Amino acid sequence: MLEKIQKYKEEITALNIQSKAELEDFRLKFLSKKGLIPSLFEDFKSVPNEQKKSLGAEINILKQFAEQIFADLQAKFEDANEGENDALLDLSLPAIPNHTGTRHPLAIIKNRIIEIFARVGFSVAEGPEIEDDWHNFSALNFPENHPAREMQDTFFVMRNPDLALRTHTSSVQVRTMEKQKPPIRILSPGRVFRNEAITARAHCFFHQIEGLYINEKVSVKDLKDTLLYFAKELFGKETKIRMRPSYFPFTEPSVEIDVSCMICGGKGCNVCKHSGWVEIMGAGMVDPNVLENCGIDSATYSGFAFGMGIERITMLKYQIKDLRLFSENDVRFLRQFHHVV
Ligand code: DAH
């Protein structure tokens, strides 16, 4: 009898019960009224008295062991099946919705901008977020003592003051021109960093898209036509653009591009501060010094460049009033864009 007890114990220990059905087989075989363990108690009746004490103890240990396994597994399968069982109550209920993620609004607008420029031959070029002084500043014609190089704007890498987090994606212009021969038509989206206090209107990191076109005989008219095409595609066919003179070290002449307000159509509203126009980017003809710095002959080639903030454009498109929403990852904000692909 002791052998039997030992054998059952080994058998139970070796079991690998994975389902409710297997657990029921286990119960029937060992624990049910006609099961093996109750039958041990039957046999026990005919055991000589002097063995009763020790054998009785052994049978009880086996019984408790089997019952414990049964209880544990039963609880485990109940938990796992809880949801399933609820759904099985009414098969005509609609399926449980499958919540997929949504695209971030900045990604939606970035992709749309890339798509618009891709149609007229621009391809995407990317560069590093940690950049050296040459690509972020010097090659772009920033004078040695230009305020943008100073600590308040730029995050420098402490171990190597020649390195900084790029302050704009214009650095990718330089990297591309150093590697490729004209004609060049690139768009470079990416994250940029500035040492600014975080508010509704400013952040220490944001995203830009830089554009660059270099070829023979590129003119201001090409710049204007390209950006007018872009503005109409992004904001609607009625959109107008205007250029205001501005200054950037890497372009000459430099301009700022305004579009007619997409909210009021130019009549004047809160978004355009009643001017009818909203600024969307900086642009200009690439300064010949920049071309030469990158090994491109400025007597043969000319080109235009432009740079825009993706946050700014996205805020205009979706009427978003606080820049911080983009990086807080609050799903109540992010979910609102689920209908846009
Ligand atoms: N890099 C400028 C900035 O971050 C934006 C810019 C202005 C880019 C004019 C350009 C440009 O390519 O031509 O403010």
Side-chain angles (χ1 to χ4, degrees), residues 110 113-114 117 122 124-129 131 133-143 146-150 152-155 164-178 182 184-196 201-215 218-228 230-231 241-259 278-291 293-294 296 298 301-313 323:
K110 177 189 81 174
I113 294 171
I114 291 173
F117 280 102
F122 285 74
V124 170
E126 285 179 329
E129 292 181 352
E131 195 47 285
D133 179 274
W134 172 254
H135 292 95
N136 196 77
F137 294 127
S138 296
L140 289 164
N141 209 29
F142 276 80
H146 194 281
R149 290 184 181 222
E150 282 168 22
Q152 75 267 22
D153 288 321
T154 310
F155 288 116
L165 300 186
R166 67 179 174 192
T167 59
H168 54 184
T169 43
S170 303
S171 54
V172 188
Q173 276 191 36
V174 179
R175 288 192 173 270
T176 308
M177 287 191 283
E178 283 174 341
I184 296 171
R185 274 191 209 86
I186 54 138
L187 211 57
S188 43
R191 184 171 283 189
V192 302
F193 307 84
R194 299 215 186 148
N195 193 356
E196 302 235 18
R201 321 192 84 239
H203 210 293
C204 59
F205 68 81
F206 52 98
H207 301 79
Q208 291 186 330
I209 293 195
E210 182 83 11
L212 177 73
Y213 175 45
I214 307 287
N215 208 343
V218 179
S219 68
V220 175
K221 181 168 189 308
D222 297 322
L223 170 63
K224 196 176 168 196
D225 288 348
T226 307
L227 294 182
L228 179 60
F230 163 69
I241 65 168
R242 72 176 184 186
M243 291 169 149
R244 276 180 295 108
S246 185
Y247 171 77
F248 300 102
F250 36 91
T251 42
E252 181 59 36
S254 301
V255 291
E256 244 145 325
I257 305 288
D258 295 342
V259 293
V278 284
E279 190 215 311
I280 58 157
M281 64 170 100
M285 302 306 291
V286 179
D287 192 302
N289 286 341
V290 176
L291 295 175
N293 285 340
C294 302
I296 290 181
S298 62
Y301 295 105
S302 57
F304 63 72
F306 53 88
M308 62 189 119
I310 305 180
E311 276 82 353
R312 169 144 183 85
I313 308 254
L323 200 55

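Since the model is a prediction, treat every value here as computed from it, not as a measurement. Position 1 is the first residue of the sequence; numbering continues from there. Remember, it's 1-based here, ligands and their atoms both numbered in the order they're listed.
For the ligand labelled ligand 1, residue Met308 lies outside the 4.0 Å heavy-atom shell. Heavy atoms of Phe250 approach ligand 1 to within less than 4.0 angstrom.
Residue Gln208 places at least one N or O, backbone or side chain, under 3.5 Å from an N or O of ligand 1. Residue-to-ligand polar distances keep Phe248 apart from ligand 1: every N/O pair is separated by 3.5 Å or more. Remark: ligand 1 and Ala305 share an N or O pair separated by less than 3.5 Å (distance only, no angle test).
Near Thr251, meaning under 4.0 Å from any of its heavy atoms, are these atoms of ligand 1: 13 (O). For ligand 1 and Gly282, the ligand atoms under 4.0 Å from any heavy atom of the residue are 7 (C), 9 (C), 11 (C). Near Gln173, with a cut-off below 4.0 Å to any heavy atom, the atoms of ligand 1 are 12 (O). Listed by number with element, the atoms of ligand 1 under 4.0 angstrom from any heavy atom of Ser170 are 1 (N), 8 (C). Of all the atoms in ligand 1, the ones that sit under 4.0 Å from a non-hydrogen atom of Gly284 are 13 (O).
Salt bridge absent: Glu279 and Arg312 never bring a charged side-chain N and a carboxylate O closer than 4.0 Å.
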Problem set entry | Working for side chain to side chain contact (heavy atoms under 4.5 Å, CB included), residues Ile184 and Ile296 | CA-CA 11 Å; Ile184 296 171; Ile296 290 181; 4.1 Å; yes
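Counting heavy atoms of neighbouring residues, nucleotides and ligands inside a 6.0 Å radius, atom CZ of Arg244 exceeds 12 of them.
Judged purely by atom type and a 3.5 angstrom limit, Glu129 has no side-chain atom pairing as donor or acceptor with the backbone of Arg166.
With distances taken over non-hydrogen atoms, the option nearest atom 8 (C) of ligand 1 out of Ala283, Gly309, Gly307 is Gly307. Checking Met281, Arg166, Arg194 against atom 14 (O) of ligand 1, the nearest heavy atom belongs to Arg194.
Nearest non-hydrogen protein atom to atom 12 (O) of ligand 1 is Glu210 OE2, 2.5 Å.
Ring centroids of Phe248 and His168 are separated by 6.0 Å or more, keeping the two rings apart. Checked against the 6.0 Å centroid threshold, Phe230 and Phe122 do not count as a close aromatic pair.
Between His207 and Phe205, the angle of the ring planes goes over 60°, which puts this pair in the perpendicular group of the 30/60° scheme.
When all heavy atoms of Trp134 and Val174 are compared, the pair lying nearest together is NE1-CG1, 4.1 Å.
With Ile257 as the partner, the side chain to side chain contact (heavy atoms under 4.5 Å, CB included) test is satisfied by one option alone out of Leu228, Leu223, Leu227, Val278: Leu227.
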